[in-house]
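One structure below.
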Amino acid sequence: MSKENISEEFNFKAIDKKWRQYWEDNKIYKVDVNSAKEKYYCLDMFPYPSGAGLHVGHWRGYVISDVCSRLKLMQGYNVMHPMGWDSFGLPAENDAIKLEIHPSVLTKERIDNFRRQLKEIGAVYDWDLEFATSDADYYKWTQWIFVKLYKAGLAYRKMMPINFCPSCKTGLANEEVTGGECERCGSAVEKRDMYQWMLRITKYADRLADDLDKVDWPESVKSLQRNWIGRSYGARIDFKLADGSRNITVFTTRPDTLFGATYMVVAPEHQLVSKITSPEKMEEVKKYVESAANKSEIDRMAENRKKDGVFTGAYAINPLSGEKIPVWISDYVLAHYGTGAIMCVPGHDTRDFEFAKTFGIEIRRVIVKSLDGVADASKVSSDGLDEAFTETGFMVNSGAYSGLDTETGKMKVIEELKRLGIGEQSINYKLRDWIFARQRYWGEPIPIIYCDKCGEVAVPEEDLPVRLPHVEKYKPTGTGQSPLAAIEEFVNCKCPKCSGPARRETDTMPQWAGSSWYFLRYPNPKLDSAPFSEELMKKWLPVDLYIGGIEHATLHLLYARFFVKALYDMGHLPFDEPFTKLFNQGIIYRNGSKMSKSRGNVVNPDEIVEKYGSDCLRMFELFIGPPDIMCEWKDDGIVGVSKFLKRFYKIAVNNAGNKNYQEPSELLRARHRFVKTASERINAFQFNTFISACMEFLNYLSNFDRCSAETISAMCVMLSPMAPHVCEELWSLMGNDKSIFLSGKWPSFDEALAALDEVSIPVQINGKLRGTINAPKGADEESVKKLIAANEFIAKNLEGKQVVKFVFVKDKIVNYVVK
RNA sequence: GCCUGGGUGGUGGAACUGGUAGACACAGCGGACUUAAAAUCCGUUGGGGUUUGGCCCCGUGCCGGUUCAAUUCCGGCCCUAGGCACCA
């Protein structure tokens with residue numbers, strides 16, 4: 001190859017354009033779903049095509065998935081790397097209303113824009129697999145799954161108080177409310193009683209929690225999900241009312257504190273309230289219940305709110321101590337958790353303590369930290385208990401149970417309650433069923449029909465999809481009904497069972513519906529006889545690597561796991577966890593805060609690509625820090641990567657033709673060392689240090705006049721996942737006529753060559769570095785000692801000292817401990 | 001309050017299983033090339049001291065412990081980001 005006609009100048013603009021076109025024309029990412037090669041399914045959390053474009057913060061995840069896909073491709077896997085669109089949902093609809101553009105039109109425009117931007121990154125997806133959740137061909141199957149869930153008893157309709165956003169004019173899922181505010185628009189959420197479609201996700205609470213042990217996910221996400229599910233172990237205990245009329249059942253995690261229960265509280269919404277309240281207290285109680293009902297979520301959740309409540313006039317009997325204790329109502333007890341009623345142990349629960357202080361209720365000590373100095377555990381003073389002691393310890397003042405430790409005590413108490421038939425072990429969850437209906441237009445219509453004769457009827461499979469009618473009026477009504485309710489052609493239909501007149505459900509599904517199973521569709525996006533093929537599920541799922549932001553920890557990732565488990569139980573899927581490995585990319589910050597349009601600190605990738613090229617931005621996104629840790633974007637830093645690419649290009653061009661050149665052995669060995677460490681790093685997702693290794697090697701290489709074509713070729717292949725355009729260009733300059741991603745093989749290394757034959761050994765005296773010596777690798781203690789003796793400086797330092805101990809770690813270090 | 005991360009130079013960040021702290025970069029400083037600038041290249045850069053081509057001391061949020069040796073392990077705190085939060 002003659003150097004003369006190839007410029008040393010790195011013309012990234014031409015190179016970017018040329019190869020992007022080449023990849024697209026030659027479909028290098030076209031996956032053969034039926035190939036016998038080992039599969040690798042690499043998936044990005046598909047984006048919601050919003051109005052704001054992608055900024056460099058968004059780029060990160062897409063770059064990581066592209067790097068992994070290209071890497072796996074070169075390592076010989078059959079890689080599926082698809083992309084699609086989570087296109088139904090509220091924000092698009094809200095924007096559509098604001099801009100007066102129909103959501104279907106708006107969504108299409110935005111998808112086109114996102115697709116264009118993803119191509120800018122140089123990310124290559126198999127676009128033949130693309131689909132959007134708002135495609136009728138797709139949502140037909142979302143509805144199909146709903147019908148299956150319905151038939152399995154996992155979808156049900158219920159009148160219940162739900163979170164309603166007055167601005168978005170729709171009910172919200174528990175997961176969509178943060179701090180009493182709508183996650184989308186920030187409005188204060190109201191409580192409303194509405195008929196709601198619910199999914200019985202609580203039935204899967206245990207498995208959703210337990211199976212987290214089976215997946216390779218970041219600990220943080222697992223912990224978020226476990227917290228959200230909120231499983232706690234305890235007991236259910238029946239308290240008889242003093243008049244013997246009925247029982248109040250409570251849930252407690254601390255049955256060992258039962259003897260300290262000096263009162264009870266039931267939630268104001270509890271159905272027993274009206275039944276147990278004594279006539280003279282009725283009016284006061286009624287007033288309290290009303291005021292509690294009118295409180296907004298925010299008021300009720302306000303921090304450090306003073307506890308209030310009302311005595312019902314009723315008394316209950318503590319089942320073990322036999323004491324008569326008052327029953328109160330207060331809104332610090334939540335109706336929807338546990339049984340909606342609690343036994344109150346002010347001595348050992350902070351909330352109960354606060355309440356008892358306010359109302360002068362007895363506070364009793366029934367647990368102590370230690371029994372040291374306690375003469376009689378059944379008679380311990382409660383004096384000086386000025387805050388609740390909530391830790392575990394030993395039971396006191398608890399009759400025959402006094403002296404038992406918390407764990408044993410819990411067990412014994414439950415045993416006794418069980419024997420008496422008034423209690424048992426019990427588990428409770430914070431997780432609530434999933435409110436699955438939205439009163440909005442832009443979503444999948446819920447495929448249910450109401451018939452006066454037959455009641456609720458699921459739309460038969462052959463009648464799916466229930467198409468979302470294309471209408472002019474899609475504004476929310478605010479009546480609690482979806483805009484679809486106003487469309488007679490949509491609402492009025494025939495009952496599939498009796499053919500009589502019937503009405504369609506007009507609520508739509510939440511945005512999370514489509515994303516709960518989309519990963520099952522990519523291997524077979526065009527299949528029209530089923531949502532997914534059994535054979536392809538067995539072959540391609542679960543997803544090997546799932547990349548996306550941590551913000552979906554308790555939403556999408558929980559819902560998707562639930563869908564998969566339900567489909568597994570119904571026999572539709574051969575696996576019950578969708579994502580084997582999850583990777584959350586770190587968020588990019590700038591000027592101390594998260595990069596976002598609203599904060600005005602976004603960096604537009606287009607400008608960077610224009611100035612430095614796509615490869616440079618891709619590498620810088622990874623060089624900036626560990627991929628899973630948040631890191632700070634500094635505009636200055638990118639020139640380092642840019643310089644590296646230019647130098648690499650120049651050296652590569654100048655040496656690409658050195659086919660038969662024998663390079664000096666130290667260079668050869670350095671290359672093997674480089675291939676070894678760099679390969680280890682990229683396989684371990686240590687992209688930032690992988691890049692450092694490349695820079696280090698290139699720096700070293702610069703000390704030589706020339707190097708072999710083999711060295712250039714190895715670097716090209718190794719850098720190609722991150723800098724695909726330039727490496728593809730160099731690969732072709734080296735005379736290869738097939739894409740580097742199809743013909744390049746990840747370089748191997750020779751362990752023996754990669755090993756250093758000489759090591760530098762630090763010599764310490766009393767743990768302080770006093771010099772280093774060079775020794776042959778594997779040198780034994782005696783020969784190292786000889787080398788040290790030859791070193792004047794160290795010898796001088798040892799002079800006149802008494803060596804108490806000599807520590808020798810082969811090839812690592814020596815340390816003289818001297819007096 | 002609870003759960004999960006994180007805390008290392010002026011900055012982003014390295015450091016394998018406990019074994020030379022600060023790799024690789026950015027910024028800074030000095031120099032080469034240039035009429036000049038840009039680009040490029042070379043040198044230097046944790047802090048302090050010093051008898052200054054050398055050497056010494058200090059230093060990984062704080063305090064203590066284990067060890068010949070601790071950014072790394074153990075105990076106790078502080079700060080910070082995110083999540084949950086009257087969940088009994």
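Order of the sequence lines sets the chain letters (A, B, ...), proteins ahead of strands, with each chain counted from 1.
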Just the atom pairs and distances: protein N or O near nucleotides 71-76 of chain B's N or O, under 3.5 Å.
none

Take Glu610(A) and Lys13(A) through the salt bridge (charged side-chain N to carboxylate O under 4.0 Å, His left out) test and state the conclusion after the steps.
-> CA-CA 8 Å; Glu610(A) 174 69 22; Lys13(A) 275 184 199 168; 3.0 Å; yes
Report which part of the nucleic acid Thr772(A) touches: base, sugar-phosphate, or nothing (heavy-atom distance under 4.0 Å, all strands).
-> base
Candidate nucleotides U20(B), C57(B), A15(B), ranked by approach to the side chain of Arg770(A) - the nearest | C57(B)
For Arg647(A), answer base if it contacts any base atom (sugar-phosphate contacts may also be present), sugar-phosphate if it contacts only those atoms, and nothing otherwise; contact means non-hydrogen atoms under 4.0 Å.
-> sugar-phosphate
Write down the distance between CD1 (Ile788(A)) and P (U20(B)), rounded to a whole number of angstrom.
-> 15 Å
Of the nucleotides A23(B), U11(B), A88(B), which has the atom closest to the Lys634(A) side chain?
-> U11(B)
Rounded off to whole Å, could you give me the CD1-to-P distance for the Ile638(A) and A25(B) pair?
-> 16 Å
Answer with base, sugar-phosphate or nothing: what part of the nucleic acid does Val250(A) contact at a heavy-atom distance below 4.0 Å?
-> nothing
How many Å lie between CE on Met695(A) and P on G13(B), as a whole number?
-> 15 Å
Under 3.5 Å, is there a donor-acceptor pair between the side chain of Asn688(A) and the main chain of Leu622(A)?
-> no
Considering only NZ, NE, NH1 and NH2 on the basic side and carboxylate oxygens on the acidic side, decide whether Glu792(A) and Lys796(A) come within less than 4.0 Å.
-> no
Counting any heavy atom closer than 4.0 Å, what does Phe353(A) reach on the DNA or RNA strands: base, sugar-phosphate only, or nothing?
-> nothing
If you look at every strand shown and take non-hydrogen atoms under 4.0 Å, does Val809(A) touch a base, only sugar-phosphate, or nothing?
-> base
Does any donor atom in the side chain of Asn601(A) or Tyr589(A) lie under 3.5 Å from an acceptor atom in the other side chain?
-> no
From the candidates A27(B), C86(B), C16(B), the one with an atom nearest any side-chain atom of Asp636(A) is A27(B)
Consider the side chain of Glu219(A), meaning its heavy atoms from C-beta on, and name the nucleotide among C86(B), U4(B), C24(B) that approaches it most closely.
-> U4(B)
Under 4.0 Å between any heavy atoms, over every strand shown, what does Glu680(A) touch: base, sugar-phosphate, or nothing? Just pick one.
-> nothing
Give Lys307(A) one of three labels, base, sugar-phosphate or nothing, depending on what nucleic acid heavy atoms sit under 4.0 Å from its own.
-> base
Could you label the plane-to-plane angle of the Phe685(A) and Phe583(A) rings as parallel, tilted or perpendicular, counting under 30° as parallel and over 60° as perpendicular?
-> tilted
Within 45° cone of Phe806(A) ring axis and under 6.0 Å: Lys785(A) NZ or CZ = yes
Nearest to the side chain of Lys768(A), which nucleotide is it out of A88(B), C58(B), A14(B)?
-> C58(B)
Cation-pi check, Arg561(A) to Trp217(A): give yes when NZ or CZ is under 6.0 Å from the six-membered ring centre and within 45° of the ring axis, no otherwise.
-> yes
Could you please name the option among G19(B), C24(B), A88(B) that lies closest to any side-chain atom of Val333(A)?
-> A88(B)
Do Ser232(A) and Asn428(A) meet the criterion of a side-chain donor-acceptor pair at a distance under 3.5 Å?
-> no
For RNA chain B, just give me the dot-bracket, please: Watson-Crick or G-U, both distances below 3.5 Å, ( ) intra-strand, [ ] crossing earlier pairs, | paired with another strand, . unpaired.
-> (((((((..(((......[....))).(((((.......))))).(((((...)))))..(((((..]....))))))))))))....
Selected nucleotide, minimal atom distance to Phe793(A) side chain, candidates A88(B), C84(B), C56(B) = C56(B)
In whole angstroms, how far is the C1' atom of U17(B) from the CG atom of Asp811(A)?
-> 15 Å
Rounded to whole angstroms, how far apart are CD1 on Ile813(A) and C1' on U17(B)?
-> 15 Å
Is any N or O donor-acceptor pair between the side chain of Lys430(A) and the base of C84(B) shorter than 3.5 Å?
-> no
Where the side chain of Asn227(A) is concerned, which of C3(B), C24(B), C86(B) is the nearest nucleotide?
-> C3(B)
Look at all strands and tell whether Ser220(A) reaches a base, only sugar-phosphate, or nothing, counting heavy atoms closer than 4.0 Å.
-> sugar-phosphate
Output the single nucleotide from C55(B), C3(B), G19(B) whose closest atom is nearest the side chain of Ser223(A).
-> C3(B)
Provide, to the nearest angstrom, the distance between the CD1 atom belonging to Ile550(A) and the P atom belonging to C84(B).
-> 11 Å
Could you tell me whether Phe355(A) and Tyr263(A) have their ring centroids closer than 6.0 angstrom?
-> yes
Using modelled atom types only, decide if a donor and an acceptor are shared between the side chain of Asn318(A) and the backbone of Thr262(A) within a distance under 3.5 Å.
-> no
For G75(B), glycosidic torsion class - syn if within 90° of 0, otherwise anti = anti
Which is true for Ser760(A) with a 4.0 Å heavy-atom rule: it touches a base, it touches only sugar-phosphate, or it touches nothing?
-> base
Give a yes or no on whether the backbone of Thr390(A) and the side-chain of His348(A) come within a donor-acceptor separation of less than 3.5 Å.
-> no
Flag side-chain contact, heavy atom, 4.5 Å: Lys430(A) against Trp228(A) | no
Separation of atom NZ in Lys650(A) from atom C1' in A39(B), rounded to whole Å | 11 Å
Distance, rounded to the nearest Å, where His556(A) contributes NE2 and G83(B) contributes C1' | 18 Å
Contacts to RNA chain B from residues 620-632 of chain A, heavy-atom cutoff under 4.0 Å, which residues?
-> Phe623(A), Ile624(A), Pro626(A), Met630(A), Cys631(A)
Would you call Arg226(A)-Asp213(A) a salt bridge at under 4.0 Å N-O?
-> yes
In this structure, which one of Trp633(A), Phe644(A), Phe687(A) forms a ring pair (Phe, Tyr, Trp, His ring centres under 6.0 Å) with Phe620(A)?
-> Trp633(A)
Choosing from C24(B), C84(B), C26(B), which nucleotide comes nearest the side chain of Glu696(A)?
-> C24(B)
